[in-house]
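All values below come from the heavy atoms of this structure, side chains included, with hydrogens, waters and symmetry mates left out.
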Amino acid sequence: MQVLLVHLRMTGKFISVGLDDPLPAYPHIIFHLDNDRRLVFSDMRQFGRLRLLSSKALKELAQIKALAPEPLLEEFTPEYFFAILKKSRRSLKQLLLDQTKILGLGNIYASEALFLARISPFKSADTLSRKRGLLLHEAIRNVLHEAIEAGSTLKIDLEDRDGSYFGSDERFWRVYEREGEPCVNCGTKIRRAVQGGRSTYFCPSCQKT
Ligand SMILES: [Zn+2]
């Protein structure tokens with residue numbers, strides 16, 4: 001079986017259009033689908049990469065082998081997650097963003113999962129108790145399920161990825177980009193800090209330790 005390996009990089013995206021619809025900007029590759037639609041790969045900055053290879057060759061690619069399990073797959077077990085935590089002295093937030101440990105958790109999901117589990121993003125990963133580690137494992141999966149249900153992942157991929165997932169009036173996230181707003185649990189003002197060059201949003205009261 002042949003597979004198409006895609007790395008979107010900065011501005012690459014897929015857009016689905018009908019046969020008679022106008023093409024989007026920067027239509028570099030056009031796939032003609034069985035259902036009379038066209039899937040257009042558009043990439044303003046042209047950093048994206050597409051590669052056709054056999055599924056066997058895919059499994060042997062070093063970049064693919066280095067990737068950790070995705071949180072919604074069976075192999076992302078509580079035991080796997082807890083073992084990862086115990087081995088790291090990095091802050092939990094930074095560990096959650098390490099794609100060689102957990103795959104596909106971005107800045108937003110990491111902040112939201114820590115908030116849901118009521119755990120400080122600054123806590124050293126190896127100091128988390130087993131009980132709280134399991135809570136975080138569950139929170140990660142819940143946040144992703146929630147996002148998929150809300151259609152946000154789809155919108156981010158297909159549309160503009162500028163962060164305005166649901167328009168300016170309706171925001172989905174509990175802490176992300178809510179600095180200065182009251183916490184939905186306790187009313188304390190949400191704070192923003194910078195960790196490893198990325199913004200972290202948290203409730204200083206619910207996520208004390
Ligand atoms: Zn709170």
Quiz item: Under 3.5 Å, is there a donor-acceptor pair between the side chain of S42 and the main chain of K13?
Solution: no
Quiz item: Less than 4.5 Å apart, any side-chain heavy atom of E112 and any of Y176?
Solution: yes
Self-check item: NZ on K123 to CG on L95, rounded to 0.5 Å
Solution: 13.5 Å
Quiz item: Between CG of L53 and CG of L4, what distance do you get to the nearest 0.5 Å?
Solution: 8.5 Å
Quiz item: Can you get from L39 to V6 by hopping between Ile, Leu, Val, Met, Phe, Trp and Tyr side chains that sit under 4.5 Å apart?
Solution: yes
Quiz item: Looking at F81 versus F76, is the centre-to-centre ring distance below 6.0 Å?
Solution: yes
Quiz item: Can S199 and R192 be counted as having a side-chain donor-acceptor contact under 3.5 angstrom?
Solution: yes
Quiz prompt | Closest contact, heavy atoms only, P24 versus V40 | solution = CG-CG1, 3.9 Å
Quiz item: Are R191 and E181 close enough for a salt bridge, meaning some N to O gap below 4.0 Å?
Solution: no
Self-check item: Heavy-atom check, side chain of H137 versus side chain of Y80, under 4.5 Å
Solution: no
Quiz prompt | Exercise: identify the closest heavy-atom pair between K65 and E60 | solution = CE-CA, 4.0 Å
Quiz item: Going through the distances and angles, do N142 and E138 end up as a side chain to side chain contact (heavy atoms under 4.5 Å, CB included)?
Solution: CA-CA 6 Å; N142 286 344; E138 200 185 323; 4.0 Å; yes
Self-check item: Co-membership, hydrophobic cluster, residues I84 and L144, 4.5 Å side-chain
Solution: yes
Exercise. Answer yes or no: is there an ion pair linking R89 with D126, defined by an N-O contact shorter than 4.0 Å?
Key: yes
Practice problem: Report the distance from atom CG of L96 to atom OG of S88, rounding to the nearest 0.5 Å. | Solution: 9.5 Å
Quiz item: In terms of the angle between their ring planes, are W173 and Y109 parallel, tilted or perpendicular, with boundaries placed at 30° and 60°?
Solution: perpendicular
Quiz item: To the nearest 0.5 Å, what is the distance between NE2 (H145) and CD1 (I140)?
Solution: 12.0 Å
Quiz prompt | Common cluster, L58/L67, ILVMFWY with side-chain heavy-atom separation under 4.5 Å | solution = yes
Exercise. Take R38 and L23 through the test side chain to side chain contact (heavy atoms under 4.5 Å, CB included) and record every step on the way to the result.
Key: CA-CA 9 Å; R38 294 175 297 171; L23 288 174; 3.8 Å; yes
Practice problem: Working to the nearest 0.5 Å, report the span between OG of S111 and NZ of K93. | Solution: 4.0 Å
Quiz prompt | Cluster link F115 to L97, ILVMFWY, side chain under 4.5 Å | solution = no
Quiz item: Going by heavy atoms in the side chains, are C183 and C206 under 4.5 Å from each other?
Solution: yes
Quiz item: What's the spacing between L5 CG and L61 CG if we round to 0.5 Å?
Solution: 6.5 Å
Quiz item: Do Q195 and T200 get their side chains close enough for a donor-acceptor pair, meaning under 3.5 Å?
Solution: yes
Quiz item: Given the rule in the side chain to side chain donor-acceptor pair (under 3.5 Å) test, do R37 and S16 qualify, once you have shown the distances and angles that lead to the verdict?
Solution: CA-CA 7 Å; R37 290 192 69 81; S16 166; 2.8 Å; yes
Quiz prompt | Min side-chain heavy-atom separation Y201-R178 under 4.5 Å | solution = no
Self-check item: Smallest separation among heavy atoms of K86 and L128, with atom names
Solution: NZ-O, 3.4 Å
Quiz item: Does L114 share a hydrophobic cluster with F82, counting links as ILVMFWY side-chain heavy atoms below 4.5 Å and allowing steps through other members?
Solution: yes
